[in-house]
Novice: 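Dropping a structure here in structure tokens format, bear with me for questions.
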Amino acid sequence: MQKYLEELNENQRNAVKYIDGPSLIIAGAGSGKTRVLTYKIVHLIKQGIEPWSILALTFTNKAAREMKERMVTLTDEAAVNSLWMGTFHSIFARILRIESAAIGFPSTFTISDTDDSKKLVTEIIKELKLDPNQYPVGDVYKRISMAKNNLVIPSVYETDIEIQKQDLAAKRPDIARIYNLYFVRCKRSAVMDFDDLLLYTNILFRDNAEILKKYQDKFRFVLVDEYQDTNYSQYLIIKKLSSVHHKICVVGDDSQSIYSFRGAKIENILNFKNDFKDYELFKLEQNYRSTKHIVNAANSLIEKNRNRIPKVVFTENEEGEKILVKEFEDDKLEALYVAKAIKKISTAENFKFNDFAILYRTNVQSRAFEDTFRRNGIPYKIFGSISFYQRAEIKDIVAYLRLLINKNDDLAIKRIINYPKRGIGTTTVDKIEEVANSNNVCMWDVICQIEKLNKILNTRAILLIKQFQKLINDLTLKSKESDAVELVNTLLEKTDIKATMSEDKSPEGVNKYDNVQEFVNYVQEWSSRQEENANIENFLEEIALATDQDNDKKDTDRVSLMTIHAAKGLEFKVVFAVGVEEGTFPGFRSVNIPAEIEEERRLFYVAITRSEKYLFITHAKRRMKWGQYQQASKSRFIKEIDNRYLFNETIEENSEQIFDNNKEYSKFALKSQSSFPKEPLIDVSKPKKLKSIDKFLKIDKKVKQTDEQTGLSIGMIVNHVKFGKGKIIQLEGDYPDTKAIVDFEKEGQKNLLLKFAKLTVID
DNA sequence: TTGTGCTGCTTTTTT
DNA sequence: AGCAGCACAA
């Protein structure tokens, strides 16, 4: 037997070796799924299947990268590099760029993130003169996204009776019009959102039989990871692609399907048997990750779901500790406890901070932990929330780069036409956009013929636009003759971004400048990593499709803070599942919807199964939400876990006590007494809180009778150029920020800054 | 045309 | 509680 096959258990090995037809691998949590997938691809290569004819679709880029790294140790590196392996989005973006002509796009189309896409939808809602309250962008965008994921294009959307009935019932009959215009605009701008990448792949294959045939022939073997989280659009793509060779292998776990909110269909995995009747089924049920207690607890929970593929996950690992369930008075005490527990356990067990993860349902919950960890000197890294590339200062630079490559990108133009400030105001931009829309061309086309607008724009505006046009043209030229790093540096110089930013000495400004610096460093690092194609197009593609997990700073020893969704596929020695309360987990939107409760339950299952040795489940009686404390009770999910695997600890009166009334966990309590500093744990009142109080204090303290600088006093009657006659009723602040509240006869009370407002004393 | 304070919205999860 | 987008003041 080949050496790599010996490293697998029997079920794993059988799954790897079966390459004669379709197969479904049901892989329980921690059952070595990644290993099986990795080895299967290696096996295929060793069986003589050319690596470039293997299509392997993963859920994140990171997963693909890690598998490739592992494969390199098992087989030839060149072979690994010629695999078609990556996320659905990145693989099909690649194919769409090659075949772009067939769908009427330039190969340089831009991939837009959700923020930008929503911005465009917002503008369209405004343009159609629809009420933004009746059409909240989030809801509208979701509706469009769902339509795309089910391959419903605008012309179908507006004629589909069922869809129209739904929109009418929701009192949003005009979503069809929004969708249609959004679709048209994206195409005109040569922009695709995430859903478009899959939708246009389907359109490409539907309308071009010879292109479909080319890829059907090419991909002799198709593998799909995390199959339970594929949507209809993805399902159809792989079904079509594998219909010639009939060699498809999907891997997944129905118990870990957690993405239905973005269109994932658990039915894809449940119905695989119908789609590929001659399939072989492999079940990986032995868990190598967690203790018996953890595996059993997870099993007892997931049993409560109705819709599942029968399987029993078991482990031969040690029994381990019971799961510690703990209740707190509020979210702050919860965070404090977690901080202490991490310190104690890391000392007692000699674990690194990397071994710990805090998993929560929603991103906002990270805040309490951030504060507490910072104050207690626990290093942490947060995944999710605002990623680096979402920051405004980075998006500005990226918008320039986008425009250099795709001149149709109106969104990019609007973002940077007046950044840094160059005197092109909204009025001018609006006019350009109007002309573009009414002639159905993109804004850049209008900019290139700006002289023709001499009737509606003044000469100054035209001159400024021409300067902007020249700047972009010069940079475009530059982009063709220099590498990415050089281009970005030139860009920062020539656009004056560098100069403008370095002038800003405020803490925020300095931070922004640092971020830009980091961006340049990142470009540098990225370029040096590329063997070829270190061009800016590839760079943009990579950052557009980057995930949070992809930015993992592996080398640093920090506690991980992330949502459970982000934790999918990861494992940690110690996991804290926090905020496990009704209304938070399950979320208040799900509590009355059985199908969603099942999904939330699967999500909790994912959380539990991330842990290897110790698992803590915590919940608080009240939690700060929407700026207010809200009462909450223990989640139903905690009650659903078989009590045999739980240790319920009573509420602690004194939060300094930790583990003390728990025999199993007390070993941590004894050893670490001295290593745990007391002082920083004292809850100092947040400086942030003071800020809002400050506002009131200012008014009280700095109010004065007379302003020495101008000689104005309360009670004086003054004249203002615009507002006319009025009486000073208050003076506050010191020069140069002295403010006066003046009660004008005609206009009422106004707040005026004395350094600007020229008040003359009457009388 | 540019800068600032206020209102109102957000909270599910993300490629 | 925090932020983004919008309305006013110079």
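Below, chains carry the letters A, B, ... as their sequence lines are ordered, and counting in each starts from 1.
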Novice: A/Phe88 or A/Asn418: which one's nearest nucleotide on DNA chain B is closer to the 5' end?
Specialist: A/Asn418
Novice: Send over the distance from A/Arg602 CZ to B/dT13 C1', rounded to a whole Å.
Specialist: 13 Å
Novice: Does A/Asn133 place a side-chain N or O at less than 4.0 Å from the phosphate oxygens OP1/OP2 of B/dG8?
Specialist: no
Novice: Tell whether A/Arg361 reaches the base of B/dT13 with its side chain through a donor-acceptor pair below 3.5 angstrom.
Specialist: yes
Novice: Please determine if a side-chain N or O atom of A/Thr584 lies less than 4.0 Å away from the OP1 or OP2 oxygen of B/dT12.
Specialist: no
Novice: Whether the A/Tyr232 and A/Asn202 side chains hold a donor-acceptor pair (N or O, under 3.5 Å, no angle test) is what I'd like checked.
Specialist: no
Novice: Could you give the distance separating C/dG5 and B/dT12 at their C1' atoms, to the nearest angstrom?
Specialist: 23 Å
Novice: Any side-chain N or O of A/Lys119 under 4.0 Å from OP1/OP2 of C/dA4?
Specialist: no
Novice: Do the numbers put A/Lys265 on top of the ring of A/Tyr235, so that NZ or CZ is under 6.0 Å from the six-membered ring centre and no more than 45° off the axis?
Specialist: no
Novice: NA contact type, A/Gly138, heavy-atom cut-off 4.0 Å: base, sugar-phosphate, or nothing?
Specialist: nothing
Novice: For A/Phe468, does the six-membered ring have the charged nitrogen or CZ of A/Arg422 within the cation-pi criterion, i.e. under 6.0 angstrom from the centroid and within 45° of the normal?
Specialist: no
Novice: Heavy atoms from C-beta onward define the side chain here; which of B/dT13, C/dC6, B/dT15 lies closest to that of A/Lys126?
Specialist: C/dC6
Novice: Once you round it to whole Å, what is the distance between C1' of B/dT14 and CG of A/Asn61?
Specialist: 13 Å
Novice: Check the side chains of A/Glu581 and A/Ser635 for a donor-acceptor pair under 3.5 angstrom, ignoring hydrogens and angles.
Specialist: no
Novice: Whole Å only: how far is the NZ atom of A/Lys332 from the P atom of C/dA1?
Specialist: 9 Å
Novice: Give a yes/no answer on whether the side chain of A/Thr60 brings an N or O atom under 4.0 Å of OP1 or OP2 in B/dT15.
Specialist: no
Novice: Check the side chains of A/Thr87 and A/Thr58 for a donor-acceptor pair under 3.5 angstrom, ignoring hydrogens and angles.
Specialist: no
Novice: Which whole-number value in Å describes the distance from A/Ile125 CD1 to C/dG5 P?
Specialist: 14 Å
Novice: A/Arg262 side chain: which of C/dC3, B/dT13, B/dT15 is closest?
Specialist: B/dT15
Novice: For A/Lys625, report the nucleic acid contact type (base, sugar-phosphate, nothing); a contact means any heavy atom under 4.0 Å.
Specialist: nothing
Novice: Can A/Phe261 be said to stack with the base of B/dT12, given centres closer than 5.5 angstrom and planes under 30 degrees apart?
Specialist: no
Novice: Does A/Asn363 place a side-chain N or O at less than 4.0 Å from the phosphate oxygens OP1/OP2 of B/dT12?
Specialist: no
Novice: Any idea which of B/dT2, C/dA1, B/dT13 is nearest the A/Lys421 side chain?
Specialist: B/dT2
Novice: Give me the distance, rounded to whole Å, that separates C/dC6 from B/dT11 when you measure between the C1' atoms they each carry.
Specialist: 23 Å
Novice: Let me know the distance between CD1 of A/Ile91 and C1' of B/dT15, rounded to the nearest Å.
Specialist: 14 Å
Novice: Nearest to the side chain of A/Thr427, heavy atoms from C-beta on, is which of B/dT2, B/dT12, B/dT1?
Specialist: B/dT1
Novice: Of the options A/Arg589, A/Arg361, A/Arg636, which is the one that meets A/Glu600 in a salt bridge (Lys or Arg N to Asp or Glu O under 4.0 Å)?
Specialist: A/Arg361
Novice: Given atom CG of A/Asp229 and atom P of B/dT13, what is their separation to the nearest angstrom?
Specialist: 16 Å
Novice: Using heavy atoms to find the nearest nucleotide of DNA chain B for A/Pro136 and A/Lys118 separately, return the residue whose nucleotide is more 5′.
Specialist: A/Pro136
Novice: Between C/dG2, B/dT15, B/dT14, which nucleotide gets closest to the side-chain atoms of A/Arg367?
Specialist: C/dG2
Novice: Is the Lys NZ or Arg CZ of A/Arg610 less than 6.0 Å from the centre of A/Phe572's six-membered ring, within 45° of the axis?
Specialist: no
Novice: Between B/dC9 atom P and A/Asp131 atom CG, what is the distance in whole Å?
Specialist: 11 Å
Novice: At under 4.0 Å between heavy atoms, what does A/Thr114 touch on the DNA or RNA strands: base, sugar-phosphate, or nothing?
Specialist: base
Novice: Over how many whole Å does the gap from A/Met192 atom CE to B/dT15 atom C1' extend?
Specialist: 15 Å
Novice: So what does A/Phe585 hit on the nucleic acid, given a heavy-atom distance under 4.0 Å: a base, only sugar-phosphate, or nothing?
Specialist: nothing
